[in-house]
Protein chains: 2
Amino acid sequence: MSGAAPRHDVFQAIADPTRRKLLGLLSEKEMPVKDITGHFSMTRPAVSKHLRILEEAGLVKERKVGRETRYRLDAGPLQDLKDWLSYFDRFWENKLSMLKHYVEEGSMDRETPEGQDPALSLVSRKSRPNQEEQG
Amino acid sequence: MSGAAPRHDVFQAIADPTRRKLLGLLSEKEMPVKDITGHFSMTRPAVSKHLRILEEAGLVKERKVGRETRYRLDAGPLQDLKDWLSYFDRFWENKLSMLKHYVEEGSMDRETPEGQDPALSLVSRKSRPNQEEQG
DNA sequence: ATTATATGAAACCAAACGGTTTCATGTCAA
DNA sequence: TTGACATGAAACCGTTTGGTTTCATATAAT
C-alpha cells in the first residue's frame, strides 16, 4: 500500500489561526520545533500536530538536522487558494466590473426590488461602514 | 444585547468543500434553499446549516421573499483572504521575485548548501511533477 | 556508558463539526 | 379555513479537532 492519502488540504490547513501564525513564522526562517513552540502558548506536541497538518497540506517542509527537525514554509500550495479566489475576482474588484457581469450575464433580470439592489451587496464590505447582522 | 459574536470567520467558512460549492452556486444567481438543496446530496437542513455558517462569515446574504429565503453571494469578506494571501506573494510569484527578496532582505545569506536551494522549494508546486510525501 | 535534549507517537478528553430526523412556524393556494 | 409548501430550530449522533499528559526513540554531550 502506498502512503495514506493526505487527510488535510490547504483550505483546512489555513482554517486554524494557530496554523496561519505558524506559516507566517516559518516564512521568515527555518526553525526547529522547540523554537517554534516558544512563540505559542500551547504544549510542544500540540504545535507538532499543527505542523503535521501543514505538512500534509504541503505548506511546510521538514529537514532533520542532528536531533532536531527544522521546518520551513513551502508557499506553493497556496496557489490553490489563489486559483479558487480568482474565480470571485469579478465580484468585488470594483462595482463596475460587477455591473458588467450583471448586465452581460443577465442573471436576475428586472426582478430586483428597489432599495434592494444586489449589486450593492456584492461590493467589498471593506468599503462600507458596518457589518450589520440582519435576521 | 447586540447579536452574539459570529463563531465562524471566512477562513473556517471556506474550509468545507460543500460551502465552497455553495459560494460558486450563489455567485451565479440568488437562490432559495429548496433550489440550492437540489444541487447537493444531503438533506435540506444540512444545507441550511452550511448557509448559516456562510452568513456568519458574511459571505452570503439572505432575503425573505414570500415563504422562501433567497441567498446570494457577498464576496466582500473574501478580501480578508486575499489580504492574508498577499503576504506570501513574494514566495511563489516567481523565482525571480523570490530571489529578489532573497537578496534584498539578505535572509539566510550564503548559508544555503548546494542541492538544497530554498528558492527551489518556494516556487509553486504546480510547476513541479509530483506531490511527494516525504518522511 | 550515562545522561540530557529534541522530537514523534499514543492514549485520552471535551468540544466542535457535519450530518440526520422530527417538530414548529409562517406563507401561499383552494 | 384548511392544507400544502418552504424554512428554521432542536435534539440527537458518530467523527474530527485541538488540546493534554505520558511514553519511546534518536542524537548530543559528559
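The chains referred to below are lettered A, B, ... by the order of the sequence lines, with proteins before strands, and numbering in each begins at 1.
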Problem set entry | Side-chain N,O (B/Gln12) to OP1/OP2 (C/dA16) below 4.0 Å | no
Exercise. Just checking B/Pro32: base, sugar-phosphate only, or nothing, at a heavy-atom cut-off of under 4.0 Å?
Worked result: sugar-phosphate
Exercise. Within the structure, does a side-chain N or O atom of A/Lys34 lie under 4.0 Å from either OP1 or OP2 of C/dA6?
Worked result: yes
Exercise. Starting at the 5' end of DNA chain D, which residue's closest nucleotide do you reach first, A/Thr18 or B/Glu68?
Worked result: B/Glu68
Exercise. Looking for any heavy atom pair under 4.0 Å, which part of the strands does A/Thr43 touch: base, sugar-phosphate only, or nothing?
Worked result: base
Problem set entry | Set of residues satisfying salt bridge (charged side-chain N to carboxylate O under 4.0 Å, His left out) with respect to B/Arg52, sequence neighbours excluded | B/Glu55
Exercise. Does A/His8 put a side-chain nitrogen or oxygen below 4.0 Å from OP1 or OP2 of D/dT17?
Worked result: yes
Problem set entry | Length of the line joining A/Ile36:CD1 and C/dT7:C1', which is rounded to integer Å | 12 Å
Exercise. Base, sugar-phosphate, or nothing: which does B/Arg52 touch, judged by heavy atoms less than 4.0 Å apart?
Worked result: sugar-phosphate
Exercise. If only side-chain N and O atoms of A/Thr69 are considered, is one of them under 4.0 Å from the OP1 or OP2 phosphate oxygen of C/dT7?
Worked result: no
Exercise. Of all the choices, D/dG19, C/dG8, D/dA28, which nucleotide is nearest to the side chain of A/Arg67 once you look at every atom?
Worked result: D/dA28
Exercise. What residues form a side-chain contact (heavy atoms from CB on, under 4.5 Å) with A/Ser48, not counting sequence neighbours?
Worked result: none
Exercise. Charged N to carboxylate O below 4.0 Å: is that the case for A/Glu68 and A/Lys34?
Worked result: no
Exercise. Quick one: is D/dT7 close enough that its OP1 or OP2 comes under 4.0 Å of any side-chain N or O from B/Tyr71?
Worked result: no
For this session: Quickly work out the A/Arg70 CZ to D/dA26 P distance and round it to whole Å.
Result: 20 Å
Problem set entry | Nearest-Å distance for atom pair CD/P, residues B/Glu62 and D/dG8 | 7 Å
Exercise. For the base of C/dG18, is there a side-chain donor-acceptor partner from B/Arg19 under 3.5 Å away?
Worked result: no
Problem set entry | Euclidean distance, atom NZ of residue B/Lys49 to atom C1' of D/dC12 [Å, nearest integer] | 10 Å
Problem set entry | Whole-Å distance separating the CG atom of A/Asp35 from the C1' atom of C/dA6 | 11 Å
Exercise. Do A/Ile53 and A/Leu73 belong to the same hydrophobic cluster, where Ile, Leu, Val, Met, Phe, Trp and Tyr are linked whenever their side-chain heavy atoms lie under 4.5 Å apart, directly or via other members?
Worked result: no
Exercise. Between B/Tyr87 and A/Leu23, is a side-chain contact (heavy atoms from CB on, under 4.5 Å) present by the stated rule, with each step listed?
Worked result: CA-CA 10 Å; B/Tyr87 172 78; A/Leu23 292 181; over 6 Å; no
For this session: Could you tell me the separation between the CD1 atom of B/Ile14 and the P atom of C/dG18, rounded to a whole number of Å?
Result: 13 Å
Seminar exercise, completed: Rounded to the nearest 0.5 angstrom, the NE2-CZ distance for B/His8 and B/Arg19 is 6.5 Å
For this session: Output the single nucleotide from D/dG18, D/dT27, D/dA6 whose closest atom is nearest the side chain of A/His50.
Result: D/dG18
Exercise. Taking N and O atoms by type only, does the side chain of A/Arg44 place a donor or acceptor under 3.5 Å from a partner on the base of C/dG8?
Worked result: yes
Exercise. Nearest-Å distance, CG (B/Asp16) to P (C/dG19)?
Worked result: 6 Å
For this session: Specify the separation, in whole Å, of atom CG of A/Leu51 and atom P of C/dA9.
Result: 12 Å
